[in-house]
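Quick one: structure below, then a few questions.
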Amino acid sequence: MDDFKPSQESGEIARLLSYVALLAASVGLFIEATTIPTSRFEALGAGAFPMLVHACLILLLVTAIIGSLRKLPAAAYGRFGAEAMGWLKARRLVLFLFLCLAVFVAGIPVIGYPVAAFLFLIVLQVTYAPKTRVTIGIAVLLALIFSFGLNWLFAEVFNVFLPRGL
């Protein structure tokens with residue numbers, strides 16, 4: 001399907017990036033744990049245990065990051081960038097689908113379900129289907145049925161009103 005074969009170094013860089021992401025989450029959760037109010041019945045407070053857990057995680061993650069940085073040669077970062085771009089290029093249609101889904105979900109409160117669903121479906125179907133008059137006609141028909149038709153079905157039959165937008 002695709003000729004993407006990651007190197008050993010790219011696996012180590014991906015591990016390093018995951019350590020950095022986990023470190024950022026752990027620092028955020030440690031800071032959030034400091035805001036937990038203390039009760040008058042316990043000296044340490046309710047945030048003491050989460051702070052202890054995240055402090056240990058932070059220490060382990062910093063150690064793992066230092067170990068990963070020591071293993072990698074400087075040239076590995078450039079090769080990882082090229083491999084990452086190859087991976088993204090091989091999966092561009094999947095990424096496009098997720099981008100369209102995010103725009104669809106963000107657009108529902110603004111333009112309403114029927115219009116957002118119609119645009120979402122028509123863009124995806126025209127992108128993924130063959131470009132002939134018949135398939136474009138079928139795409140428009142299906143987009144109309146599954147956007148405005150579903151909206152009508154829910155409103156008239158089930159008495160459930162989908163978001164109308166602003």
Side-chain angles (χ1 to χ4, degrees), residues 1-113 115-131 135 139 142-143 146-147 162-163 165-166:
M1 186 168 142
D2 61 41
D3 55 5
F4 175 74
K5 298 204 183 350
S7 66
Q8 186 73 18
E9 293 169 341
S10 65
E12 187 63 37
I13 291 177
R15 192 173 302 115
L16 173 66
L17 293 175
S18 70
Y19 293 155
V20 170
L22 288 171
L23 178 66
S26 230
V27 167
L29 290 170
F30 181 88
I31 292 169
E32 189 65 29
T34 61
T35 64
I36 298 174
T38 59
S39 80
R40 62 181 178 189
F41 300 112
E42 51 187 313
L44 291 176
F49 182 72
M51 287 171 54
L52 176 67
V53 168
H54 288 293
C56 290
L57 274 173
I58 289 168
L59 182 64
L60 288 171
L61 287 166
V62 166
T63 305
I65 288 170
I66 292 169
S68 283
L69 288 173
R70 294 174 115 190
K71 287 181 188 176
L72 290 169
Y77 298 105
R79 286 190 297 268
F80 175 75
E83 288 177 6
M85 290 309 293
W87 184 87
L88 288 171
K89 185 178 178 187
R91 288 151 182 86
R92 67 188 176 278
L93 289 175
V94 175
L95 297 171
F96 178 72
L97 181 130
F98 282 116
L99 175 69
C100 287
L101 182 63
V103 170
F104 168 64
V105 170
I108 288 175
V110 179
I111 60 176
Y113 172 80
V115 176
F118 178 78
L119 293 174
F120 173 72
L121 291 170
I122 203 74
V123 166
L124 286 182
Q125 290 182 86
V126 168
T127 301
Y128 290 112
K131 312 298 188 276
T135 56
L142 287 174
F146 285 103
S147 58
L162 298 174
L166 302 176

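Both backbone and side-chain heavy atoms feed into the values below; hydrogens, waters and symmetry mates do not.
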Problem set entry | Separation between CD of Gln125 and CZ of Phe120, rounded to the nearest 0.5 Å |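 So the CD of Gln125 and the CZ of Phe120 are separated by 10.0 Å.
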Problem set entry | Trp87 and Glu83, any side-chain heavy atoms less than 4.5 Å apart |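 Not in contact.
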Exercise. How far apart are the C-alpha atoms of Ser10 and Arg79, what are their side-chain angles, what is the distance that settles it, and do they pass the side-chain contact (heavy atoms from CB on, under 4.5 Å) test?
Worked result: CA-CA 8 Å; Ser10 65; Arg79 286 190 297 268; over 6 Å; no
For this session: Quick one: closest heavy-atom pair of Ala14 and Phe80, and the distance?
Result: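 Shortest heavy-atom separation between Ala14 and Phe80 comes out as N-CE1, 4.3 Å.
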Exercise. Hey, does the side chain of Arg92 reach the backbone of Lys89 with a donor-acceptor pair shorter than 3.5 angstrom?
Worked result: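 Yes; judged by distance alone, with no hydrogens or angles, the pair exists.
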Problem set entry | Minimal non-hydrogen separation, Ala33 against Pro50, with atom names |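 Taking every non-hydrogen atom into account, CB-CB, 3.8 Å.
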Exercise. For Ile111 and Leu119, what are the C-alpha separation, side-chain angles and deciding distance, and is it a side-chain contact (heavy atoms from CB on, under 4.5 Å)?
Worked result: CA-CA 10 Å; Ile111 60 176; Leu119 293 174; 4.1 Å; yes
Problem set entry | CG on Leu60 to CD1 on Ile65, rounded to 0.5 Å |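 If I round to the nearest 0.5 Å, the distance is 11.0 Å.
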For this session: Return the minimal non-hydrogen interatomic distance between Thr63 and Leu59, and the atom names on each side.
Result: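 Heavy atoms only, the tightest pair is OG1-O, 2.8 Å.
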Exercise. If you look at every heavy atom in Thr38 and Gly45, which pair is closest and at what distance?
Worked result: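 Closest pair (atom of Thr38, atom of Gly45, distance): CG2-CA, 3.8 Å.
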Exercise. Less than 4.5 Å apart, any side-chain heavy atom of Val53 and any of Phe49?
Worked result: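 Touching, per the 4.5 Å side-chain cut-off.
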Problem set entry | Spatial distance of atom NE2 (His54) from atom CG (Leu61) [nearest 0.5 Å] |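 Separation between the atoms: 11.0 Å.
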Exercise. For Phe104, does the CZ atom have more than 12 heavy-atom neighbours from other residues, nucleotides or ligands under 6.0 Å away?
Worked result: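 Yes, because the 6.0 Å sphere around CZ of Phe104 holds more than 12 heavy atoms from other groups.
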For this session: Take Ile13 and Leu72 through the side-chain contact (heavy atoms from CB on, under 4.5 Å) test and state the conclusion after the steps.
Result: CA-CA 8 Å; Ile13 291 177; Leu72 290 169; 3.5 Å; yes
Exercise. Under 6.0 Å from the OH atom of Tyr128, do we count more than 12 heavy atoms belonging to anything else shown?
Worked result: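 Enclosed.
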Problem set entry | Residue pair Ala64 / Tyr19: nearest heavy atoms and the distance that separates them |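 Scanning both residues, the minimum pair turns out to be CB-CE1, 3.6 Å.
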Exercise. At what distance, to the nearest 0.5 angstrom, does OG of Ser26 lie from CD1 of Ile31?
Worked result: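 It comes to 10.5 Å.
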Exercise. Measuring from Glu12:CD to Leu17:CG, what's the distance to the nearest 0.5 Å?
Worked result: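 That separation rounds to 10.5 Å.
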For this session: Output, in order, the C-alpha distance, side-chain angles, deciding distance and verdict of side-chain contact (heavy atoms from CB on, under 4.5 Å) for Leu88 and Leu95.
Result: CA-CA 8 Å; Leu88 288 171; Leu95 297 171; 3.4 Å; yes
Exercise. To the nearest 0.5 Å, how far apart are OG1 in Thr127 and CZ in Phe96?
Worked result: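 Interatomic distance, Thr127 OG1 to Phe96 CZ, rounded to 0.5 Å: 4.0 Å.
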Exercise. Any idea which heavy atoms bring Ala129 and Lys131 closest together, and the distance?
Worked result: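 Scanning both residues completely, I find the closest heavy atoms to be O-NZ, 3.3 Å.
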